[in-house]
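Here is the structure we will look at.
Everything quoted here is computed from the prediction, not taken from an experiment.
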Amino acid sequence: MTNARAFEKTRNIGIAAHIDAGKTTTTERILYYTGRTHRMGEVDDGDATMDYMVQEMERGITISSAATTCLWRDHHINIIDTPGHVDFTVEVERSLAVLDGFVGILCAVGGVQPQSETVWRQADKYEVPRIVFINKMDRTGADFHDVLHQMRSRLGANALALQIPIGAEDHFEGVIDLIEMKAVYWEDELGAQAVEGPIPAHMQERADLFREHLVVVLADLDPDLEEMFYSGEVPTPKQLRAAVRKGTLKAGLVPVLAGSSLRNKGVQPLLDAVIDYLPSPLEVSPVIGLDPRTDEEIVCHPTSDAPLAALVFKVVTDPFVGQLSYTRVYSGELKKGQSVYNPLTRVKSRIGHILRMHANHREHIEIAGVGDIVAIVGLTKAATGDTLCQMDHQVVLETIDFPEPVIAMAIEPKTTADEGRLMESLQRLTAEDPTFTVKSDRETGQQIISGMGELHLEIIKDRLLREFRVDANVGNPQVAYKETLTRSATARGRCIRQTGGQGQYGDVTLLLEPLPRGTGYEFEDRTRGGVVPREFMPSVEAGIKEAMEAGPMASFPVVDIRACLLDGKYHEVDSSELAFKIAASTAFKEAFSAGNPILLEPVMLVEVVTPDSYMGDVVNDLSARGAEIASMNASAGNTQTIAARVPLATMFGYATHLRSLTQGRATYGMEPHTYRPASAERQQALVGSV
């Protein structure tokens, strides 16, 4: 097989969806049907192959994205199974950044849920072609056509059904393949053998209607099919598949299939669709990088003889081999023993081992080529988002953006002996997870850990105890508030000290202006005539940034401001970088305090799905938490979907409370939405407690 041929027969896909939509169960079936495993692992039994962490087995959820490889129709499929819980959305983000396509799993009952929308937006961001599998067609309340409608209305997806289900709920039997116009059933318990047959008579009319819609949509995308359509010719299945592939890769078409992974129905056609409609590494646009020395664009061509360009997208600590760096190769080849260069850290490393991962099992290989997703041993200085290249062909690939943590708590070791091990363990965890941060509070001396939610930090604490053997105490969760001002203000800051020898002299006048929410920070020099020499400008900005780390109101970070240097004075002998840094910091604090400062609090987008009978109780409870109800819609199975924007500070312990309120029948999803001014009561309580 030629190299190009091998690349054509490679698929890099992710499997992503809302929590409990069936991602891991679907992946387990894929591994079984492709011969990668010899029994089907079950999430509920705690023996799913891809959920190998102790915390995943106990909770029945995916926490860390796991990679594996399997073979189907002589094609290599690299699969990343990602978490569905919003606290671990970083795993989805970094996986989509390196994948060529993804399979979205939607629940036939729940439909498009909050995390489904988040994943969809992430896939849009990276322009990843996708197909959708509507799972759980055997569940009570399953409605294939309602989910199709939700995809179009809520995701804006150009959804095209390639199958329609035969029956639903307890009567789900199989699917009608609209390409071949045949019925497909899985009659044995393991679903290993598909049985084809004629379309049931009572479904013929509906199948004809959906088939006509399929041909019309494809004719709009493919001129050859359009010509056939208007001339009355019937396209062949091969022609239809080619048109679907073209539409998926180039026109944003989303093929939709149906089935029930738990009941072993519909997974093999999903595998066929991955091969037929998702791209190979050769069919995606070449990655563009920058030369770190000249900032010129470099096109990384997906060929084995091109210079090496690979992206480290995940770092994990393995108890047996040390740091594993998960890497996607975009061009060139990685070889065992090869020297690679990291232009961001300017560190040269040697590739110790190259591993093809199957969840937490590993297979040693000598060479990784274009499109391969492998784990590398030996890159001790590499972090998520780093590029690996050749010293004589340097390139920096686009790094991955991660959301800011929204919740924080204090942590301390239970014994003095654990202090050093705690810090070392926390550093290793921050290297693995870019949304987990650790910082020291300069005023209290406490170590503050921050993450994406209560579950995120709970898992961190659990891992510290089980993996790193460090027992720690954690304080109550603290919300990541921010400070900003509401009106412009000016102040003068001076640092004048005379100590007998050379003194310190710095004098600056700053104007602070509010910026739109989410803008961040801007610095502008409006001085004239060199009143502040250019060599002191970095010190002025450093003083401002240092003051912004802990605002004057309640020591929270300051955001969304523009700092303008209006005037200043210097002394030819006594002026120094330190003096101007102190002066700028003083001016900033005074101007900020005069600018009518306010606290901003994180607001979450919360979606609750509840039975009709508990609707009033749930809405009243959300309102009591300061929620702004955005919408209330009837859903399948006599349920209501409530969308609301709620301050994060009021949502601690909500999962337990909601279960109690609805006898465990309601579910909810939550994701960061925006920051908005905190209520007067909360602001007074926070400022008063400082």
Side-chain angles (χ1 to χ4, degrees), residues 15-34 37 39-45 47-51 60-62 72 79 81 84 103-113 116 131-148 150-151 159 161-178 182-197 199-200 203 206-207 210 254-274 609 635-637 639 667:
I15 297 184
H18 188 87
I19 191 169
D20 203 32
K23 298 175 306 301
T24 301
T25 301
T26 303
T27 307
E28 292 296 321
R29 273 41 180 186
I30 287 173
L31 297 179
Y32 177 78
Y33 294 133
T34 57
T37 58
R39 62 178 294 276
M40 296 180 191
E42 299 293 353
V43 174
D44 291 343
D45 295 340
D47 62 357
T49 307
M50 304 301 278
D51 285 350
I61 61 171
T62 303
W72 185 254
I79 301 172
D81 176 31
V103 177
I105 309 289
L106 295 180
C107 173
V109 181
V112 176
Q113 296 165 287
S116 314
I131 58 180
V132 164
F133 181 65
I134 298 179
N135 191 27
K136 301 192 178 184
M137 281 304 306
D138 59 310
R139 286 269 304 275
T140 302
D143 190 333
F144 176 82
H145 305 289
D146 182 54
V147 179
L148 265 183
Q150 288 183 43
M151 286 181 63
L162 303 188
Q163 299 173 346
I164 55 173
I166 301 172
E169 303 179 339
D170 291 341
H171 304 293
F172 176 61
E173 300 176 32
V175 297
I176 294 172
D177 183 336
L178 298 172
K182 293 177 182 175
V184 185
Y185 305 93
W186 290 268
E187 296 178 348
D188 61 308
E189 190 178 332
L190 292 175
Q193 294 298 320
V195 179
E196 294 183 351
I199 295 171
M203 292 200 65
R206 172 170 284 190
F210 270 82
V254 182
V256 181
L257 300 94
S260 169
S261 298
L262 189 63
R263 302 287 172 240
N264 309 319
K265 295 179 179 180
V267 178
Q268 295 96 325
L270 175 61
L271 277 165
D272 287 333
V274 167
V609 179
S635 308
T639 61
T667 60

Smallest separation among heavy atoms of Ile105 and Gly22, with atom names: CG2-C, 4.3 Å
Those residues that, when tested against Asp138, pass side chain to side chain donor-acceptor pair (under 3.5 Å) (two or more places apart): Ser260, Arg263
Is there a donor-acceptor pair closer than 3.5 Å between any side-chain N or O of Asn264 and the backbone N or O of Ala192? no
Give me the atom names and distance for the closest heavy-atom approach of Ala108 to Val147. O-CG2, 3.7 Å
Restricting to non-hydrogen atoms, name the atom on Cys107 and the atom on Ala21 that form the minimum distance, rounded to 0.1 Å. N-CB, 4.2 Å
Determine whether Ile15 and Phe133 satisfy the following criterion, side chain to side chain contact (heavy atoms under 4.5 Å, CB included), listing intermediate values before the conclusion. CA-CA 10 Å; Ile15 297 184; Phe133 181 65; over 6 Å; no
Check salt bridge (charged side-chain N to carboxylate O under 4.0 Å, His left out) between Lys136 and all other residues, then give those that pass, not counting sequence neighbours. Asp20
For Tyr33 and Trp72 the tightest heavy-atom approach is O-CZ3, 3.5 Å
Return a table of donor-acceptor pairs under 3.5 angstrom between the side chains of residues 161-171 and protein atoms on other chains or two or more places apart.
unit_1 : atom_1 : unit_2 : atom_2 : d
Gln163 : OE1    : Ala258 : N      : 3.0
Glu169 : OE2    : Gly141 : N      : 2.6

Nearest-0.5 Å distance, CG of residue Leu190 to CZ of residue Arg29: 9.0 Å
For Ala142 and Val109, the nearest pair of non-hydrogen atoms, with its separation, is N-CG2, 3.7 Å
Decide yes or no for Val103 and Val274: does some side-chain heavy atom of the first lie under 4.5 Å from some side-chain heavy atom of the second? yes
When rounded to the nearest 0.5 Å, the distance separating CG of Asp272 from CG of Asp177 is 9.5 Å
Residues in ring pair (Phe, Tyr, Trp, His ring centres under 6.0 Å) with Phe210, at least two apart? His145
4.5 Å side-chain heavy-atom contact, Phe172 and Arg139: no
Who pairs with Gln150 by side chain to side chain donor-acceptor pair (under 3.5 Å), at least two apart in sequence or on another chain? Asp146
Full working for side chain to side chain contact (heavy atoms under 4.5 Å, CB included) between Leu106 and Gln113: CA-CA 8 Å; Leu106 295 180; Gln113 296 165 287; over 6 Å; no
Using the rule side-chain hydrogen bond (donor to acceptor under 3.5 Å, both in side chains), only one of Thr24, Thr27, Thr26 pairs with Ser261; which is it? Thr26
Between Phe144 and Leu257, what is the shortest heavy-atom contact and its length? CE1-O, 4.3 Å
Within the 4.5 Å heavy-atom criterion, are Leu178 and Ile176 side-chain neighbours or not? yes
Within a strict 4.5 Å, meaning less than it, do heavy atoms of the Ile30 and Val267 side chains meet? yes
To the nearest 0.5 Å, how far apart are CG in Asn135 and NZ in Lys265? 12.5 Å
